[in-house]
Amino acid sequence: MRQIICDLDRTILESWDNGYEPRPTPWLEKILAMGKVIAIATNQGGIAWRLAGGRPGKRYPSWPEVEERVLAGMRWTGARFAFVALHHPGASVPARDDPILWERAEEAGIPWQVLWSIQDRSQVSLSYSEGLIVVSWDPDWRKPSPKMLKLALSAAGDPRCPCVYVGDEDSDRLAAEAAGMEFVDVSS
């Protein structure tokens, strides 16, 4: 049986453009028929933009909105792990000792342990009944880097079974190729 690691937005769940409430994509049933979903690996740079103060005219998700979507994806796929890259190269997040960071984090509902890990770019594991959500501010986690996918496979996968990454963007394809995984593009 093939192991599957999935992107979240526009792969398992409808796009953020359709609102923050999680709704499954038409691809979800096809993904579930392909094999066993072992993990979700997703870039969620909207959190970084929110802490950076955002861009005029844009709305960025709160942590509870991201959390709700990730947990819905885990429930619908049966994945017990989700890996979330919070860094965005265009967002200048204030330093950990800057009071504005803590103010923005409070407004966005970001847990202190997630916020605390900004400076050292460590990983933080959050436990839920659905499984573990592992987050990091490490820029090397952000796809198209393969680091997050490799960690997802080593944490959740069986090295004897083939693994495929399912996504919808070029960054997903590039990350899968760099991690040595087959890629399935749901946008085609």
Side-chain angles (χ1 to χ4, degrees), residues 5-25 39-77 79-149 151-152 155 167-169 171-172 175:
I5 299 173
C6 291
D7 182 34
L8 184 66
D9 300 316
R10 294 173 303 280
T11 301
I12 298 171
L13 303 179
E14 290 290 341
S15 168
W16 285 104
D17 301 337
N18 295 330
Y20 293 121
E21 183 181 331
R23 285 178 272 172
T25 66
I40 293 168
T42 179
N43 290 343
Q44 294 295 325
I47 293 293
W49 275 110
R50 186 149 186 166
L51 292 177
R55 294 176 280 192
K58 298 271 186 178
R59 182 183 183 285
Y60 297 97
S62 67
W63 174 259
E65 290 165 331
V66 169
E67 183 180 52
E68 179 185 359
R69 289 174 63 83
V70 171
L71 291 172
M74 292 172 75
R75 281 190 299 274
W76 294 341
T77 63
R80 299 288 299 150
F81 295 90
F83 297 85
V84 181
L86 298 176
H87 171 78
H88 191 286
S92 298
V93 176
R96 192 166 57 196
D97 60 350
D98 187 333
I100 193 74
L101 176 72
W102 294 91
E103 182 181 312
R104 289 177 182 162
E106 186 175 338
E107 289 170 5
I110 300 171
W112 68 268
Q113 52 284 51
V114 170
L115 197 62
W116 194 253
S117 69
I118 287 176
Q119 243 57 49
D120 61 11
R121 298 181 172 151
S122 60
Q123 300 167 26
V124 175
S125 296
L126 305 169
S127 184
Y128 301 86
S129 60
E130 290 85 351
L132 280 180
I133 296 178
V134 184
V135 301
S136 180
W137 294 94
D138 183 347
D140 290 338
W141 264 47
R142 187 172 177 81
K143 297 174 291 180
S145 168
K147 188 173 182 177
M148 182 171 46
L149 296 185
L151 181 63
D168 68 309
E169 295 185 359
S171 62
D172 297 329

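Residue indices begin at 1 and follow the sequence shown.
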Notebook entry, point to check: So how far is it from Y128 OH to M74 CE, rounded to the nearest 0.5 Å?
Noted result: 9.0 Å
Margin query: Looking at every non-hydrogen atom in both residues, tell me the closest pair between V135 and W141 and how far apart they are.
Written below: C-CZ3, 4.2 Å
Side-chain polar contacts of residues 104-115 - donor-acceptor pairs under 3.5 angstrom, sequence neighbours left out - could you list them?
| from | atom 1 | to | atom 2 | distance (Å) |
| --- | --- | --- | --- | --- |
| R104 | NH1 | L51 | O | 2.8 |
| R104 | NH1 | A52 | O | 3.4 |

Margin query: Please find the pair of heavy atoms, one from I40 and one from V70, that lie closest to each other, and give the distance.
Written below: CD1-O, 4.2 Å
With a cut-off of 3.5 Å and sequence neighbours excluded, list every side-chain donor-acceptor pair involving residues 79-90.
| from | atom 1 | to | atom 2 | distance (Å) |
| --- | --- | --- | --- | --- |
| R80 | NH1 | S129 | O | 3.1 |
| R80 | NH1 | E130 | O | 2.4 |
| H88 | ND1 | W49 | NE1 | 3.3 |
| H88 | ND1 | G90 | N | 3.0 |

Margin query: Under the rule for side chain to side chain donor-acceptor pair (under 3.5 Å), what residues qualify as partners of N43, not counting sequence neighbours?
Written below: none
Notebook entry, point to check: At what distance, to the nearest 0.5 angstrom, does OG1 of T42 lie from CE of M148?
Noted result: 6.5 Å
Check: Could you give the distance from CD1 (I47) to CH2 (W137), rounded to the nearest 0.5 Å?
Finding: 7.0 Å
Atom pairs and distances, side-chain donor-acceptor, residues 93-100, under 3.5 Å, sequence neighbours left out:
| from | atom 1 | to | atom 2 | distance (Å) |
| --- | --- | --- | --- | --- |
| R96 | NH1 | W116 | O | 2.3 |
| D98 | OD1 | I100 | N | 2.9 |

Item checked: Non-neighbouring partners of D138 that pass side chain to side chain donor-acceptor pair (under 3.5 Å), sequence neighbours left out -> K147
Note to self: Let me confirm one number: the OG1-CG distance from T11 to L13, rounded to the nearest 0.5 Å.
What the structure shows: 9.0 Å
Item checked: Inter-residue atom distance E21.CD - E68.CD, 0.5 Å rounding -> 7.0 Å
Check: Does S62 have any side-chain contact (heavy atoms from CB on, under 4.5 Å) partners at least two apart in sequence or in another chain, and if so, which?
Finding: R50, P64, E65
Next item on the list: Could you go through the salt bridge (Lys or Arg N to Asp or Glu O under 4.0 Å) check for D140 and R121 one step at a time?
Entry: CA-CA 10 Å; D140 290 338; R121 298 181 172 151; over 6 Å; no
Next item on the list: For R55, enumerate each residue passing the side chain to side chain donor-acceptor pair (under 3.5 Å) test, keeping only those at least two apart in sequence or located in another chain.
Entry: Y60
Next item on the list: Identify, with sequence neighbours excluded, every residue that meets side-chain contact (heavy atoms from CB on, under 4.5 Å) alongside S125.
Entry: L132, V134
Margin query: Just to verify, what does S136 make a side chain to side chain donor-acceptor pair (under 3.5 Å) with, not counting sequence neighbours?
Written below: none
